[in-house]
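Remarks on the structure that follows.
The shown structure was predicted, so the numbers you read here are calculated from the model rather than taken from an experiment.
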Amino acid sequence: MEAYDNYVDGEVWKLDSSFGDKPVAEVLRSNYGVLRSGALKEIGSELLARSSLCCLCALRDSSELDHYLPKEDFPEFAALSLNLVPACSVCNNKKRQDFRNERGEQAFIHAYLDDLPDSLPFLRASLSDAPTVTPSFHVVQPAGMSASLFTVIAQQFELFELDTAYSGASVELLLERREALEEYFGDGGAADVMKYLDRDARSAARRVGVNHWRPTILAAAAASPDFCSGGFRYL
């Protein structure tokens, strides 16, 4: 019970497993199999259903449960619900067994225990305009966010190659709006296109938060005079 108390109360990435009993450790690891495909698979399905989107990229559908602390190193947490985070296979494979970086510091945001204030936007996007419109993403440290938290966010953004992932998804998102953009441009020019995109961005931010890639790219498109003046035709 002390191990579980420490998981909730402390900084999880600082924990060290002291489990030295190999036979018992194997039994504890096997509990995860019971949770996913055995007698407790309904509970495992409920844990996966906590988020339909991957908690590591917020882009792809969740299909697996990632062990924030790897079960190989921490068998005592192999079936602990707080340690099981819905993820996509792409991110889960990239994360591997890591939970600390090369400096021994926190490597990833814990979806349940780390607080990411929605009032502090850190995700940014921009649009190039030649020869085709190409979205790109980066992260910036906002005022009020600690350097340590931003470091974790930045390294997670880089490791999971979220610039590339978000850029590809953004092209699809904007292409889906191509017909509407043409209509608004025909009716009221760039000003109407900007209003439409800005309204769409604010609506998306209310649903998913300001640091989701969807409202971020919509806001960037609304703020781009070239895009709103017909540049959307070069997606």
If I take atom [atom1] from residue [X] and atom [atom2] from residue [Y], how far apart are they, to the nearest 0.5 angstrom?
X	Y	atom1	atom2	result
D66	C54	CG	SG	8.5 Å
L127	T132	CG	OG1	11.0 Å
K71	L80	NZ	CG	14.0 Å
R207	R202	CZ	CZ	12.5 Å
L120	F150	CG	CZ	12.0 Å
R124	N211	CZ	CG	8.0 Å

Could you tell me whether the side chain of [X] and the main chain of [Y] form a donor-acceptor pair under 3.5 Å?
X	Y	answer
N83	L69	yes
R96	K94	yes
S224	A220	no
R29	A78	no
S203	D200	no
K95	H67	yes
H110	L82	yes
Q155	N101	no
S62	S51	yes
N31	A79	no

What class does the angle between the rings of Y184 and Y196 fall in, given that below 30° is parallel, 30 to 60° is tilted and above 60° is perpendicular?
parallel

Anything under 30° is parallel, anything over 60° is perpendicular, the rest tilted; go ahead and classify F232 against F185.
perpendicular

F122 and its side-chain contact (heavy atoms from CB on, under 4.5 Å) partner, picked from L149, V139, T216
V139

Check whether any side-chain heavy atom of [X] sits under 4.5 Å from a side-chain heavy atom of [Y], and report yes or no.
X	Y	result
E11	Q106	no
W213	L173	yes
L162	L123	no
L47	L35	yes
C57	V90	no
S136	D163	yes
L53	R60	no
I217	Y166	no

Quick check: is [Y] connected to [X] through a chain of hydrophobic side chains (ILVMFWY, heavy atoms under 4.5 Å apart)?
X	Y	answer
V85	F77	yes
V210	M145	no
F137	V208	no
Y32	L48	yes
L113	L15	yes

Minimum heavy-atom distance [X]-[Y], with the two atoms named:
X	Y	answer
C228	L197	SG-CD1, 4.2 Å
R36	S45	NH1-N, 4.3 Å
A169	L59	CB-CD1, 3.5 Å
F160	C91	CE2-O, 3.4 Å
G209	D118	CA-OD1, 3.4 Å
A201	A219	CB-N, 3.6 Å

Residue [X] excluded, over 12 heavy atoms near [atom1] under 6.0 Å:
X	atom1	answer
E158	CD	no
E102	CD	yes
Q97	CD	yes

Between D187 and K195, is there a side-chain N and carboxylate O pair less than 4.0 Å apart?
no

Salt-bridge criterion met for R178 and E182 (N-O under 4.0 Å):
yes

Is the distance between the ring centroids of Y112 and Y68 under 6.0 Å?
no

